[in-house]
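Here the structure comes first, spelled out in structure tokens, and everything after it is commentary.
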Amino acid sequence: AKINGRNNYRFYTEDLGVSAKRLHNLYSYLHHAIANNELYLVYQPQFNATNTLIGAEALVRWNNPKLGQVSPDEFIPIAEESGMIHELGEWVIREALDTLVSWKSWLALNPDFKLAVNVSSKQLEHRNLTSYIKNNLSDRGLNAKHVEIEITESLLLEQKTYGMASMDELKEIGVNIAIDDFGTGYSSLSYLATLPLNKLKVDRSFVSGLHTNDTNKKLVETMINLASGLGLNVIAEGVETLDEKHALESLGCTEFQGFLFSKPISAIKFERQYLHKDI
Ligand code: C2E
Ligand code: CA
Ligand code: CA
Ligand code: CA
């Protein structure tokens, strides 16, 4: 921003002061967020074309007594830069798997249900991720087929060899792999073909207003054709209106997630609403 005059300058420096202070607070409070029980997960349902529940995405939330509710868009990057993402990511995995355990009898009757967990590419580079997931699955007697990990496309290309090996190992033990925010990175067809993927998740930016945007329609159609050529499922995220859902369906998309169906909700609400359990 252009700074002209005393007043503007004053506001500018005050803004900087506030954000530096906030950043400092975020760093120091995030360190204790797990120990202080400030993190929790919410779950957003996913549906197929006939409105059958096919899965859910687990999304982390942080409620700090001083800062209030902090968005993951703000604290995940901080966790990644500070290295806290490993501890945080492991907490997310344990918590998501504990939720799956509480749904075990329901899962037995719904063998195709998948719970998607967001995994940072930093975690993927960490040597212990696969064994961590594997051990936590077996400790709980859970089948890996109920777990999906979402990896953001734009960070995929940064993967070094170990990230690739992690994906192969996860696929090997039966964990599903989805590419998140698909269309926002620049993955080539030949690169995608080398990855052990199950699913492409079309980014919300292409879904929003899809029915009135011919460019986005063409792009989404291309993504869907690409996925089908690679034998992958496609899910659209951020579906907010019926118009968007219908446009997606006409392009061949068969899986949906978004506020049209439900915002992310607590495990208890999710159970009551979708699993018909009354605990
Ligand atoms: P994401 O993985 O792309 O998650 C989708 C985001 O879109 C979520 O925001 C979700 O609440 C929001 N959303 C879902 N449906 C709609 C819709 O119809 N319209 C609109 N406008 N938004 C919708 P949220 O929960 O704030 O998460 C933001 C990002 O933070 C996530 O983007 C993901 O990158 C990251 N994140 C969240 N939880 C975790 C986690 O456990 N681990 C890691 N590494 N990252 C996470
Ligand atoms: Ca995601
Ligand atoms: Ca996404
Ligand atoms: Ca995103």
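What you are looking at is a predicted structure, and each value in this text was computed from that prediction instead of being measured.
- Two residues are said to be in side-chain contact when any heavy atoms from C-beta on lie closer than 4.5 Å; K171 and I177 meet this criterion.
- Residues L53 and L275 have side chains in contact (heavy-atom distance under 4.5 Å, counting atoms from C-beta outward).
- Using a 4.0 Å cut-off between a side-chain N of Lys or Arg and a carboxylate O of Asp or Glu, R204 and D181 do not qualify as a salt bridge.
- Panel note: side chain N64, backbone G68; no donor-acceptor pair is recorded below 3.5 Å.
- Among all heavy-atom pairs drawn from R61 and P72, the shortest one is NH1-CG, 3.7 Å.
- With 3.5 Å as the limit, one finds no donor-acceptor pair spanning the side chains of S266 and Y43.
- Residue A49 comes nearest to K245 through the heavy atom pair O-NZ, 3.9 Å, listed as atom of the first residue, atom of the second, then distance.
- Contact record, A58 with L41: CB-CD1, 4.2 Å, taken as the closest heavy-atom pair.
- Residues L226 and F182 meet the side-chain proximity criterion, which asks for heavy atoms closer than 4.5 Å.
- Applying the 6.0 Å contact sphere to NZ of K134 captures no more than 12 heavy atoms from other residues, nucleotides or ligands.
- L251 has its side chain within reach of V220: a pair of non-hydrogen atoms, C-beta onward, lies under 4.5 Å apart.
- For Y29 and W62, the distance between ring centers is not under 6.0 angstrom.
- With hydrogens and angles disregarded, no donor-acceptor distance shorter than 3.5 Å links the side chain of N36 to the backbone of E38.
- Between Q257 and Q46, the side chains place a donor N or O and an acceptor N or O closer than 3.5 Å (distance only, hydrogens not considered).
- A side-chain donor-acceptor contact under 3.5 Å links E271 and W103.
- The minimum heavy-atom distance linking A116 with E150 is given by the pair CB-OE2, 3.4 Å.
- More than 12 heavy-atom neighbours from other residues, nucleotides or ligands sit within 6.0 angstrom of CD on E249.
- Hydrophobic clustering keeps F113 apart from L109 (ILVMFWY residues linked when any side-chain heavy atoms are closer than 4.5 Å, directly or through intermediates).
- Residue pairs meeting the side chain to side chain donor-acceptor pair (under 3.5 Å) criterion with at least one member in residues 220-231: none, sequence neighbours excluded.
- Electrostatic pairing of E57 and K201 counts as a salt bridge here, judged by a charged N lying under 4.0 Å from a carboxylate O.
- For the residue pair S208 and N216, the shortest heavy atom distance occurs at O-ND2, 4.4 Å.
- For the pair E255 (side chain) and A236 (backbone), a donor-acceptor distance under 3.5 Å is absent.
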Candidate pair F256 and F47, rule ring pair (Phe, Tyr, Trp, His ring centres under 6.0 Å), full reasoning: CA-CA 5 Å; F256 313 91; F47 299 92; 9.1 Å; no
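- For the pair S166 (side chain) and L124 (backbone), a donor-acceptor distance under 3.5 Å is present.
- In terms of modelled atom types and a separation under 3.5 Å, the side chain of T212 and the main chain of G209 share a donor-acceptor contact.
- Between E244 and L260 the shortest side-chain heavy-atom distance does not fall below 4.5 Å.
- In this structure, OG1 in T130 is found 10.0 Å from CD in E172, a value given to the nearest 0.5 Å.
- In this model, no donor atom of one side chain and acceptor atom of the other lie less than 3.5 Å apart for D243 and T241.
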Derivation and outcome, salt bridge (charged side-chain N to carboxylate O under 4.0 Å, His left out), residues R140 and D98: CA-CA 8 Å; R140 291 168 178 77; D98 284 346; 2.7 Å; yes
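- Distance alone, capped at 3.5 Å, places no donor-acceptor pair between the Q273 side chain and the F270 backbone.
- Within the structure, side chain to side chain donor-acceptor pair (under 3.5 Å) pairs that include any residue of residues 84-97 comprise R94-Y132 (at least two apart or interchain).
- Looking at K114, its side chain does come within 3.5 Å of a backbone N or O of D112 through a donor-acceptor pair.
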Derivation and outcome, side chain to side chain contact (heavy atoms under 4.5 Å, CB included), residues N198 and N233: CA-CA 6 Å; N198 301 84; N233 290 341; 5.9 Å; no
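- To the nearest 0.5 Å, atoms CG (L137) and CD1 (I173) are separated by 6.0 Å.
- In the hydrophobic clustering (ILVMFWY side chains linked at under 4.5 Å, chained through shared members), F259 stands by itself.
- Under a hydrophobic-cluster definition in which Ile, Leu, Val, Met, Phe, Trp and Tyr are linked whenever side-chain heavy atoms come within less than 4.5 Å, directly or via other members, I54 and V147 are assigned to different clusters.
- In this structure, I151 is not a member of the same hydrophobic cluster as I235, with clusters built from ILVMFWY side-chain heavy atoms closer than 4.5 Å.
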Steps toward side chain to side chain contact (heavy atoms under 4.5 Å, CB included) verdict (L115, E148): CA-CA 6 Å; L115 182 59; E148 184 163 273; over 6 Å; no
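- For residues 75-85, no pair satisfies salt bridge (Lys or Arg N to Asp or Glu O under 4.0 Å), with sequence neighbours left out.
- No donor-acceptor pair under 3.5 Å is formed between the side chain of D203 and the backbone N or O of F206.
- When side chains are defined from C-beta on, Y274 counts as touching I265, because their heavy atoms get closer than 4.5 Å.
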Candidate pair E74 and R22, rule salt bridge (charged side-chain N to carboxylate O under 4.0 Å, His left out), full reasoning: CA-CA 11 Å; E74 192 173 20; R22 180 164 175 88; 2.8 Å; yes
Step-by-step side chain to side chain contact (heavy atoms under 4.5 Å, CB included) determination, V202 to C253: CA-CA 10 Å; V202 176; C253 183; 5.9 Å; no
Verdict with supporting geometry, L192 and L197, side chain to side chain contact (heavy atoms under 4.5 Å, CB included): CA-CA 8 Å; L192 283 175; L197 308 178; 3.9 Å; yes
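- Distance check: H126 NE2 to S131 OG gives 9.0 Å after rounding to the nearest 0.5 Å.
- When all heavy atoms of G238 and V207 are compared, the pair lying nearest together is O-CG1, 3.7 Å.
- For the pairing with L97, the side chain to side chain contact (heavy atoms under 4.5 Å, CB included) check across V117, N136, V92 returns one residue only, N136.
- Summarising the geometry, atom NZ belonging to K122 is positioned 10.0 Å from atom OG belonging to S82; distances are rounded to the nearest 0.5 Å.
- In this structure the side chain of L129 reaches within 4.5 angstrom of the side chain of V119, judged on heavy atoms.
- Within the 4.5 Å cutoff, no side-chain heavy atoms of I224 are placed close to those of L200.
- We find the OG1-OH distance between T194 and Y191 to be 6.0 Å, quoted to the nearest 0.5 Å.
- In this structure, CG in L248 is found 10.5 Å from NZ in K217, a value given to the nearest 0.5 Å.
- When hydrophobic residues (I, L, V, M, F, W, Y) are linked wherever their side-chain heavy atoms come within less than 4.5 Å, the members clustered with Y40 are V42, L59.
- Residue pairs meeting the salt bridge (Lys or Arg N to Asp or Glu O under 4.0 Å) criterion with at least one member in residues 182-195: none, sequence neighbours excluded.
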